[in-house]
Number of protein chains: 2
Amino acid sequence: MTKRTEKTTGTQPAKRRTTIRPAAARIPKVASAPLPEAKPAAGRAGKSAERRAAIIEAAMDEFIARGFAATRLDDVAKRAGVAKGTLYLYFKDKETMFEELIRTALVPLIGRLTALPTITGPVRDAVEGFAETFMREVVATRRGDIIRLIVSEGPRFPAIADFYFREVVSKGLTGMKALVQLAITRGEIKHRELGDFPQLVVAPAIVAVIWQSLFARHAPLDGLAMFKVHLDLIFGERGKT
Amino acid sequence: MTKRTEKTTGTQPAKRRTTIRPAAARIPKVASAPLPEAKPAAGRAGKSAERRAAIIEAAMDEFIARGFAATRLDDVAKRAGVAKGTLYLYFKDKETMFEELIRTALVPLIGRLTALPTITGPVRDAVEGFAETFMREVVATRRGDIIRLIVSEGPRFPAIADFYFREVVSKGLTGMKALVQLAITRGEIKHRELGDFPQLVVAPAIVAVIWQSLFARHAPLDGLAMFKVHLDLIFGERGKT
DNA sequence: TGACAATGACTGACCAGTCAGTCATATTGT
DNA sequence: ACAATATGACTGACTGGTCAGTCATTGTCA
């Protein structure tokens with residue numbers, strides 16, 4: 001598999017295999033507008049959005065299972081229930097499809113990050129809530145595989161690594177840092193240096209994602225329980241002090 | 001598969017490939033010179049081991065840079081300074097080459113794990129020593145990329161994931177758990193539940209590896225400093241009670 | 001010791017199969 | 001009926017793997 005990969009020596013005429021990464025990048029009609037299942041999808045536009053969603057869904061399964069290079073577009077088309085040529089009506093090429101796929105999968109995650117709402121109770125509860133959500137909606141689902149996919153292909157797709165860093169990592173850490181600092185001023189957290197490394201707070205979550213995809217069958221890991229012990233380290237024993 | 005198959009209709013004379021081989025010419029010892037190593041490599045046997053090492057070295061670079069599927073054996077051969085066919089004198093096929101490569105790269109790591117020596121001073125110092133070694137010899141080197149490679153290809157190479165779990169993860173965690181328990185009995189660590197999740201102790205190291213390969217250029221991360229803050233969480237402020 | 005034969009590591013052209021991307025034709029919606 | 005959409009047969013660049021042939025090295029014998 002693999003195939004044409006880079007290469008792309010200046011040859012202007014050669015139409016095929018470009019892979020030149022043609023600027024654009026586009027995100028045509030992503031508008032996940034009429035989403036809701038029920039909808040039989042109003043007219044043409046709805047039909048089109050449905051098709052696109054089906055393709056993305058299928059592509060996600062394939063890319064997660066095989067990685068970028070080993071995924072065959074024939075398989076994606078078959079799984080999506082469309083002809084191969086149809087894929088090219090929605091995506092410029094394999095690479096673009098992959099990148100848009102990742103972006104699409106991250107949108108909901110970004111939404112959640114930018115909506116870190118008011119902290120009512122103890123900061124610890126907020127962080128614990130984050131952990132529960134993360135374990136339930138990321139580690140235990142295909143979202144976790146998306147993260148692994150980013151780790152896998154990131155080095156070869158700078159655009160994806162950049163996007164992920166900018167939209168998810170950066171925002172997430174900024175929010176977490178704010179949370180830590182709030183906890184410090186409130187006296188919930190003693191270690192002031194923790195504010196310098198918000199990564200430490202989420203480290204167990206990352207480990208849970210990786211463990212899940214690699215060693216789950218060798219030795220199951222209760223990510224949430226682990227995270228709670230971690231919170232004890234940060235905030236001190238629960239209910240004590 | 002493939003191969004030129006029978007064919008050979010009667011033609012006995014056909015020399016094959018013409019391959020006139022322009023006498024001299026050749027490209028005898030393109031090899032990376034006589035190797036800087038001390039060993040001039042005793043006779044044939046040594047030569048063979050050298051070749052094998054050169055191939056593994058080259059393959060490692062290519063697989064790390066492109067992943068399994070996208071790596072071309074032609075490139076590996078070129079980088080190793082041998083002909084493609086030579087690869088098959090040392091490895092059964094691409095997959096075998098990849099697996100043996102990973103195993104070879106992990107050997108030194110395994111050696112270090114099984115040699116967790118006597119703890120003389122505080123447990124914290126031992127763990128800190130581990131962290132320093134890890135950051136210096138893994139995160140900052142190609143070994144870190146090997147770990148990322150395992151995360152990437154593991155799901156598609158169960159044999160590798162199994163081996164890694166059995167020889168590295170399992171042993172490493174067992175050792176770490178023993179260390180934590182020792183610290184608990186000594187009173188260095190207060191949180192007894194930490195013994196249930198030794199993964200927590202090394203989580204920052206994992207995060208450092210991933211960060212290094214994905215976001216290093218966006219935002220450098222001082223893994224060791226981060227780890228030390230983490231140790232403060234586990235053991236309490238350094239020098240303080 | 002020198003000539004010659006045997007060995008097998010190494011080479012690289014070749015082959016068969018694969019798959020990204022194309023496009024002439026067919027189908028559908030209005 | 002016409003345009004927009006969808007199809008899938010097809011093209012050809014590309015790669016894993018093969019093996020007939022080469023030749024440096026080692027072994028043998030006079």
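Throughout, protein chains are lettered first and strands after them, A, B, ... in sequence-line order, and every chain is numbered starting at 1.
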Could you check how far [atom1] of [X] sits from [atom2] of [N], rounded to whole Å?
X	N	atom1	atom2	result
B:Leu89	C:dT7	CG	P	18 Å
B:Leu87	D:dT18	CG	C1'	13 Å
A:Glu50	C:dG29	CD	P	12 Å
A:Asp74	C:dG17	CG	C1'	14 Å
B:Glu95	D:dG16	CD	P	13 Å
B:Phe91	D:dG16	CZ	P	15 Å
A:Asp75	C:dC19	CG	P	8 Å
A:Arg72	C:dA20	CZ	C1'	13 Å

Distance-minimising heavy-atom pair for B:Lys94 and B:Ala69: NZ-O, 3.4 Å
Check ion pair B:Glu62-B:Lys78 (N to O, under 4.0 angstrom): no
I'd like to know if A:Arg142 pairs up with A:Glu57 as an ion pair, taking the criterion as any Lys NZ or Arg NE/NH1/NH2 lying under 4.0 Å from an Asp or Glu carboxylate oxygen. yes
Within the structure, does a side-chain N or O atom of A:Lys84 lie under 4.0 Å from either OP1 or OP2 of D:dG8? no
Does a side-chain N or O from A:Tyr90 land closer than 4.0 Å to OP1 or OP2 of D:dT5, or not? no
Just do the side chain to side chain contact (heavy atoms under 4.5 Å, CB included) check on A:Arg136 and A:Leu224 with the steps written out, would you? CA-CA 9 Å; A:Arg136 190 180 59 249; A:Leu224 191 54; over 6 Å; no
From [options], pick the nucleotide closest to the side chain of [X]?
X	options	answer
B:Tyr88	C:dG21, D:dG17, C:dG12	D:dG17
B:Asp93	D:dT7, D:dT15, D:dG17	D:dG17
B:Ala83	C:dC19, C:dG21, C:dG12	C:dG12
B:Thr86	D:dG16, C:dT11, D:dT15	C:dT11
A:Arg51	C:dA9, D:dG17, D:dA6	D:dA6

Verdict with reasoning, B:Ile102 to B:Glu153, per side chain to side chain contact (heavy atoms under 4.5 Å, CB included): CA-CA 11 Å; B:Ile102 297 292; B:Glu153 311 288 356; over 6 Å; no
